[in-house]
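Working notes for the structure below.
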Amino acid sequence: MVDERETGPDSSALAEKPSNFIEEIINEHLKTGRFGQNVHTRFPPEPNGYLHIGHAKSIALNFGLAKKYGGLCNLRFDDTNPNKEELEYVQSIEEDIKWLGYDWEDREYFASDYFEQLYDWALKLINDGLAYVCDLSSEEGREHRGALTEPGKHSPYRDRSIEENLDLFKRMRDGEFPDGSRTLKAKIDMAHPNFIMRDPVIYRILHAHHHRTGNAWCIYPMYDFTHGQSDSIENITQSICTLEFENHRPLYDWFCDKLGIHHPQQIEFARLNLTYTVMSKRKFLTMVNENYVNGWDDPRMPTISGLRRGGYTPESIRKFCEYIGVSKNNSIVDVTILENQVREHLNAVAPRVLAVLNPLKIVIENYPEGQVEELSAINNPEDESAGSRILPFSRELYLDRNDFMEVPVKKYFRLAPGKEVRLRYAYIIKCESMLKNESGEIVELRCTYDPDTLGKQPTDRRVRGVIHWVSVDTAVDAEVRLYDRLFTTEHPDKVEEGEDFRSNINPDSLEIIEHAKVEPSLKSVKMGERFQFERLGYFNVDLDSRAEKPVFNRIVSLRDTWANIVRRS
RNA sequence: UCCGGGAUCGUUCAAUGGUAGGACCUCGGCCUUUGGUGCCGAUUAUAGGGGUUCGAAUCCUCUUCCCGGAACCA
């Protein structure tokens, strides 16, 4: 038997294989027509801090779902606590979402815009005998709530008349009572096994200035009395939040039901955790205030602004969010997954340049003094359209100290006394001698070059090593900031008794190189530009950069199999 | 202790009663004027016990472990 109605739902999105449990739920909604054929999500930040990579997961999820199903995603600020929220955060959140590449179009909302409606709904609850004004203090309220295995006690104010409740609630709004003296509570069940359902507070008195409503209100609705209703007002279909709100779902449902309003489906997923990272506003604040980092946008911070300043691309963050998937498993994602995403993206798009971090001067004794050759270098082997550029070559060059070893270990392909190495895009050179200062440090290398090795391999021998270099005359002086992970352990919160995450902070997470030498094409770089310093890593131009002295941040190093070999032996 | 979740390679996500698969990591190899990129190959997993079934990661049951919850925070 074929049910003809099966042709009903437009199942183009449905037909696609769901990629996570949320899409399965949406497919089911589409099939049953619970919300017609609409998919309307929202990203609901509280404007009380900066967004981090965990928020990016939620943003990508909500906006991504809307896009996949041809629906919409709103931006809504959950601004019901005037004591914590600020306009500054609203602006930074907007900027971060835009930078990540998502667009809420004209659908930017604020829960505070719904205060009047919420107030009316509170009146309805009172009129229906489902809410009451309670004079218990916050401590008394807690005592009445009971314990894990014991039911709570009824508030002595639970059975006030509707008229009295109406009168008191109006007077709460009119500012007749001081902060904390009264609350409006939902009348549910003080014996409910879920604490959330034991007559939860839905309005509290707060004589505080709100970043949008100013002093219009001195009572503010609680999250539980705001979030679901805001979803409802905006015709949200799937209200996606993190696992810790699972306990709140019965209350979310209760309000929608008792108010008789559009009832979205709350769905919870596991928040993102990353190795070598902490992910809470409180800890971020500690790191900023105690100067472990230089502000919220320090490249070591997992904030969106930190990732942005540190050179991460929005594409790589989006790919990362897609890659890690969505589930209810409490998981800790390996931070190398994130690093690999940015490597993958930048490998495809970042122009290659030569930069010497720890300069060691060499003189090529058999190269004519004063001669300069203009050698051609490929800008990006992954992208032919990126073209090529000129690299000036001369008698005196800088090499990286890492690329020379006085006593080479086995399998070391780079420069050593009497050994040969290829200079990238140039000649093969041989180290003839070293000059040392009185304390025995090598200050200069004397080399010779083989003029017959430009653009070709010698036939009589194999030279495996290739190293980068910069010509002394034309080198540009630059500052380079080498960022490393902020923590030394995978799980920074795992600490001995009496310690906290601060004991796992990596003391060497930032190394500043004041005088790196970079090739002349980097003379006039613009803030935000990204490059691959060949053999070293990906770097971007920091906002501290100035014309006379560019400043580069290391976004992420290149994969370094040699370093792995050294580490193992 | 009560309520709500969760448990699959080292990590993460799949497999929705029918061959446990991908990616990252790791380890080999090929290629390479980046010890980069790319390519090929390999190792490794269903928390435990019982049950249903021709057949169970999947359904039932008991156990263990982990996470969240008793803010007038969100």
Side-chain angles (χ1 to χ4, degrees), chain A residues 17-21 24 44-46 48 78-81 83-85 134 136-139 141-143 145-152 179-185 192-198 200-206 219-220 222-224 226-227 241-250 268 270 275 281 323-334 336-337 339-341 343-344 347-348 352 354 377-378 381-382 411-414 422-426 428 453-457 463-468 490 532-537 557-566:
Chain A
K17 190 171 168 286
S19 58
N20 58 54
F21 78 100
E24 282 175 24
E46 183 189 12
N48 72 341
D78 231 331
D79 56 348
T80 59
N81 187 346
N83 291 329
K84 289 188 175 180
E85 295 145 10
C134 180
L136 253 29
S137 70
S138 137
E139 304 85 79
R142 196 174 315 130
E143 284 159 20
R145 229 176 336 263
L148 250 28
T149 50
E150 294 157 28
D179 287 3
S181 59
R182 287 186 162 88
T183 57
L184 184 71
K185 289 179 177 172
H192 202 287
N194 180 352
F195 278 98
I196 300 292
M197 300 297 276
R198 321 247 260 226
V201 170
I202 60 179
Y203 265 94
R204 75 283 216 190
I205 301 173
L206 242 36
I219 57 172
Y220 290 91
M222 300 289 290
Y223 164 84
D224 286 304
T226 306
H227 197 87
C241 60
T242 43
L243 251 27
E244 68 267 28
F245 291 102
E246 215 151 17
N247 292 323
H248 294 244
R249 180 157 24 98
E268 311 84 13
T275 56
K281 273 169 207 160
Y323 178 88
I324 56 175
V326 180
S327 76
K328 298 186 77 148
N329 296 352
N330 256 311
S331 61
I332 303 172
V333 175
D334 196 325
T336 58
I337 307 276
E339 295 168 347
N340 284 335
Q341 289 295 343
R343 280 194 189 105
E344 189 178 309
N347 176 54
R352 272 61 168 170
L354 301 188
I378 293 164
E382 308 290 319
K411 301 273 255 176
Y412 188 77
F413 302 148
R414 283 111 98 156
R422 160 77 64 182
L423 294 180
R424 178 74 160 154
Y425 294 121
I428 289 174
T453 53
L454 185 62
K456 56 179 157 177
Q457 296 294 6
V463 177
R464 279 201 67 174
V466 179
I467 63 174
H468 55 273
E490 271 193 53
Q532 183 194 99
F533 289 1
E534 288 210 28
R535 305 208 308 126
L536 298 174
S557 64
L558 249 31
R559 259 199 206 87
D560 192 345
T561 52
W562 172 245
N564 281 349
I565 292 165
V566 172

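In the text below, chain A, chain B and the rest are named by the order of the sequence lines, each starting its count at 1.
Annotation: of the two residues near RNA chain B, A/Y425 and A/S137, the 5′-most nearest-nucleotide partner is A/Y425.
Within the 4.0 angstrom heavy-atom criterion, base atoms lie near A/R464. Note on A/F245: a base of the nucleic acid sits closer than 4.0 angstrom, heavy atoms only. Residue A/I337 is classed as a sugar-phosphate contact, given heavy-atom separations below 4.0 Å to backbone atoms only. Looking at heavy-atom distances under 4.0 Å, A/L136 makes contact with a base. Looking at heavy-atom distances under 4.0 Å, A/Y412 makes contact with a base. Contact annotation for A/G455: base contact, defined as any heavy-atom pair under 4.0 Å involving a base atom. Within the 4.0 angstrom heavy-atom criterion, base atoms lie near A/Q532. The residue A/K185 sits apart from the nucleic acid: no heavy atom pair falls under 4.0 Å.
Here A/E382 pairs with nothing under the salt bridge (charged side-chain N to carboxylate O under 4.0 Å, His left out) rule; sequence neighbours left out. Contacts of A/E143 classified as side-chain contact (heavy atoms from CB on, under 4.5 Å), with partners at least two apart in sequence or in another chain: none.
A/L536 has its CG atom 11 Å from the C1' atom of B/G36, to the nearest Å.
Aromatic stacking of A/Y323 on B/A23: not satisfied for centres closer than 5.5 Å together with planes under 30 degrees. We find that the ring of A/W562 and the base of B/G35 stack, their centres lying under 5.5 angstrom apart and their planes tilted less than 30°.
Between A/T226 and B/A74, a side-chain N or O to OP1/OP2 separation shorter than 4.0 Å is absent. The side chain of A/N347 contributes no N or O atom lying less than 4.0 Å from OP1 or OP2 of B/G38. Between A/R145 and B/C2, a side-chain N or O to OP1/OP2 separation shorter than 4.0 Å is absent. Between A/R142 and B/A71, a side-chain N or O to OP1/OP2 separation shorter than 4.0 Å is present. The shortest distance between the side-chain N/O atoms of A/N340 and the OP1/OP2 oxygens of B/C25 is below 4.0 Å.
For RNA chain B, the stems formed by at least three consecutive Watson-Crick or G-U pairs, with both atom-pair distances below 3.5 Å, span B:2-7 with B:64-69, B:10-13 with B:21-24, B:26-30 with B:38-42, B:47-51 with B:59-63.
For A/I378, the CD1 atom counts as loosely surrounded, since its 6.0 Å shell holds 12 or fewer non-hydrogen atoms of other residues, nucleotides or ligands. A 6.0 Å sphere centred on NZ of A/K281 holds more than 12 heavy atoms belonging to other residues, nucleotides or ligands.
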